[in-house]
Structure formats: structure tokens, C-alpha cells
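The sequence lines fix the lettering, A, B, ..., with proteins before strands; numbering per chain opens at 1. Computed from a prediction, not measured in an experiment: that's the story for all the values here.
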2 protein chains.
Amino acid sequence: MPDEEGHPSRDEIELGRVLAALADPLRRSVIRELAAEPDGTARTCSSFGLPVSKATLTHHFRALREAGLIRQVDRGNSRMATLRRDDVETLFPGLLAILRAEQP
Amino acid sequence: MPDEEGHPSRDEIELGRVLAALADPLRRSVIRELAAEPDGTARTCSSFGLPVSKATLTHHFRALREAGLIRQVDRGNSRMATLRRDDVETLFPGLLAILRAEQP
DNA sequence: CCAAAGGTTCGATTTGCATCTTACCTCAGT
DNA sequence: ACTGAGGTAAGATGCAAATCGAACCTTTGG
């Protein structure tokens with residue numbers, strides 16, 4: 001499977017998909033954590049400590065990736081996730097700040 | 001049924017509910033139209049010309065009302081909907097602009 | 001007074017989503 | 001070479017959401 005699979009380009013990102021992805025509290029917590037760290041921070045899926053099974057983890061990260069919110073790159077054994085900060089901030093200015101302000 | 005039924009106060013509005021409400025394209029189009037009109041504009045549910053049945057209309061407007069995005073007031077025969085612009089803009093600054101920018 | 005228009009409620013259907021278990025793959029380290 | 005850790009894929013399940021038709025209520029306009 002190619003690396004760029006399932007990553008929409010900036011102009012393919014749809015607001016509906018983004019909002020649907022962010023409607024889930026677990027996915028929102030992932031974006032909130034990534035948005036709070038320095039730009040370019042890469043983390044593995046399992047480093048977020050979400051209280052779900054591995055299969056469900058894959059499911060949630062695919063939703064985020066296909067919405068265009070994160071980029072996933074294989075590095076050795078793991079798949080590192082980074083926030084697509086520029087793309088999101090350009091297309092939807094203020095959205096990340098709204099997510100960061102949420103009290104979980 | 002009292003008038004204020006189903007309207008959360010400002011501090012009861014939850015981001016998750018708001019995003020879930022806005023994940024639907026029909027509901028998003030309602031907010032987009034209201035956001036484009038002058039503040040305080042009141043419109044009836046049926047004036048949006050959504051391609052769904054009356055029962056489904058009721059369903060969608062309840063989702064928007066319970067999320068805290070609109071206020072609904074009975075006026076004679078109809079139930080007028082107004083955007084809760086202040087509340088939304090205060091809690092989620094920039095959100096309405098993001099919705100207005102979408103090309104439907 | 002009657003009819004039509006605007007909404008709501010109920011019950012049914014259908015579809016999609018979150019979740020899990022199981023099985024499998026691949027790389028890293030020993 | 002084996003094992004374990006990180007992830008993916010497939011299939012099942014349970015629940016919530018979107019949709020509709022039909023019945024009903026209220027108000028406005030003839």
C-alpha cells in the first residue's frame with residue numbers, strides 16, 4: 001500500500017468530512033493534543049492512550065486521515081501521525097483554536 | 001410545551017453537539033443562510049426549501065436548536081428560527097465564518 | 001365555519017458508525 | 001530465527017441517526 005494512500009490534497013478537503021470526524025470526542029482529543037504540541041510533532045497512534053481496542057484505533061485514525069486533518073507516515077514499525085496544521089488553518093481559520101479551547 | 005423548551009443556555013452548549021449538528025449538509029445550509037443574513041433575521045423552517053419531508057424538517061431543526069445554534073420562537077402559525085450569533089461567536093470564534101465560506 | 005398551511009408526534013425502516021474479536025502482516029530487538 | 005509490539009483487514013454486533021408516511025393540532029384566510 002503506497003504511503004500517500006488516503007490523504008486528500010488540500011483542495012480535496014471537505015468541511016463536511018472534517019466536521020464529521022471532529023464530532024467524535026476521541027478523535028477530537030487526538031487533534032486537541034496534537035494542536036497543543038509544537039508544529040510537526042509526530043506521534044504514534046497508540047501514544048494517545050485512547051481507551052479502545054487496536055482495531056478501533058485504526059478506524060479513528062483513518063477517519064482523521066481521510067478527512068485531511070492528520071498525515072500518517074510509516075516509520076519502521078510504527079505509523080506516525082502529524083497534524084496538517086497549515087492546511088487546516090488555511091482552509092478553516094480558527095478551527096484549531098476552537099478545539100484547543102474545549103475542556104475535555 | 002413551553003417556549004424555552006430544548007434551548008440550552010450559553011454555558012450548556014457543548015462543542016460535540018454543535019459539531020455533530022453541523023456534520024449534516026442540510027443543517028449546515030440552514031446555518032449558512034442564516035449567517036449570511038442580517039443579525040436577528042427570523043425565518044420559518046419551511047422557507048429554506050430543504051428537499052425533505054415535514055417530519056424530517058422538524059427533526060433537523062430540533063438538532064440545531066438542542067445544539068444551541070438557533071433559537072425557535074412561536075409566532076402565530078409558524079415557528080421562527082433565528083441564529084444565536086452572539087452565543088456561537090463567543091463560544092466558538094470563527095466558526096460561523098468557516099461555515100459561510102463553504103461552497104455548497 | 002371550513003379549509004389549507006405550518007409543525008409536531010409516532011412508528012417503521014434503513015443506513016451508517018463505533019466497537020469488538022480474531023487473524024494476519026511487518027519491523028525491531030534479542 | 002523467534003518473539004513482541006504496532007497496525008491493518010475482515011466480519012459481527014449493537015446503537016444512533018436520517019428518512020418517510022400517516023395522523024393530529026393550531027392558526028390564518030377566505
Polar side-chain atom of T41(A) near backbone of P38(A) as donor-acceptor pair, under 3.5 Å: yes
Of the listed nucleotides (dT8(D), dA18(D), dT19(C)), which one gets closest to any side-chain atom of H59(B)? dA18(D)
Below 4.0 angstrom from OP1 or OP2 of dT19(C), is there any side-chain N or O of H60(A)? yes
Touch class at under 4.0 angstrom, heavy-atom based, for S46(A) against every strand present: sugar-phosphate
What does S78(A) touch in the nucleic acid at a heavy-atom separation under 4.0 angstrom: a base, only the sugar-phosphate, or nothing? sugar-phosphate
Atom-to-atom span, CG of L50(A) to P of dA18(C) - whole angstrom: 13 Å
Please report the distance, rounded to the nearest Å, between CG in D24(B) and C1' in dG16(C). 13 Å
Short question: side chain of E102(B), backbone of L99(B) - any donor-acceptor pair under 3.5 Å? no
Nucleotide nearest S53(B) (side chain, heavy atoms from C-beta), chosen from dA18(D), dC20(D), dT21(C): dC20(D)
Report each atom pair, protein N/O against N/O of nucleotides 26-30 of chain C, whose distance is under 3.5 angstrom.
| residue | atom | partner | partner atom | Å |
| --- | --- | --- | --- | --- |
| dT26(C) | O2 | N77(A) | OD1 | 3.4 |

In whole Å, I'd like the distance from the CZ atom of F61(A) to the P atom of dA18(C). 14 Å
Looking for any heavy atom pair under 4.0 Å, which part of the strands does T56(B) touch: base, sugar-phosphate only, or nothing? base
Which comes earlier along DNA chain D counting from the 5' end, the contact point of A63(B) or that of A55(A), where each point is its nearest nucleotide? A55(A)
Specify the closest pair of heavy atoms between H7(B) and R71(B), including all atoms of both residues, with the distance to one decimal. NE2-CA, 3.5 Å
Quick check on DNA chain C: between L57(B) and K54(A), whose nearest nucleotide comes earlier from the 5' end? L57(B)
Please check this pair: side chain of R32(B) against backbone of R100(B), looking for a donor-acceptor N/O pair closer than 3.5 Å. no
Starting at atom CD of Q72(B), determine the distance to atom P of dT8(C), rounded to an integer number of angstrom. 6 Å
If we ignore hydrogens and angles and just use 3.5 Å, is the side chain of R27(A) paired with the main-chain N or O of H60(A) as donor and acceptor? no
To the nearest Å, how far apart are F48(A) CZ and dG6(D) C1'? 14 Å
Out of dC20(C), dA22(D), dA18(C), which has the shortest distance to the side chain of R27(A)? dA18(C)
Find the distance R62(B):CZ to dT9(C):C1' and express it as a whole number of Å. 9 Å
What nucleotide, of dG7(C), dC20(C), dG7(D), holds the atom closest to the side chain of R79(B)? dG7(C)
Looking at E37(A) and L34(A), would you say the former's side chain and the latter's main chain have a donor-acceptor pair under 3.5 Å? no
Sequence neighbours left out, cut at 3.5 Å: what donor-acceptor pairs do the side chains of residues 87-98 of chain A make with other protein atoms?
| residue | atom | partner | partner atom | Å |
| --- | --- | --- | --- | --- |
| D87(A) | OD1 | R10(A) | NE | 2.5 |
| D87(A) | OD1 | R10(A) | NH2 | 2.8 |
| D87(A) | OD2 | R84(A) | NE | 3.0 |
| D87(A) | OD2 | R84(A) | NH2 | 2.9 |
| E89(A) | OE2 | G94(A) | N | 3.0 |
| T90(A) | OG1 | D86(A) | O | 2.7 |

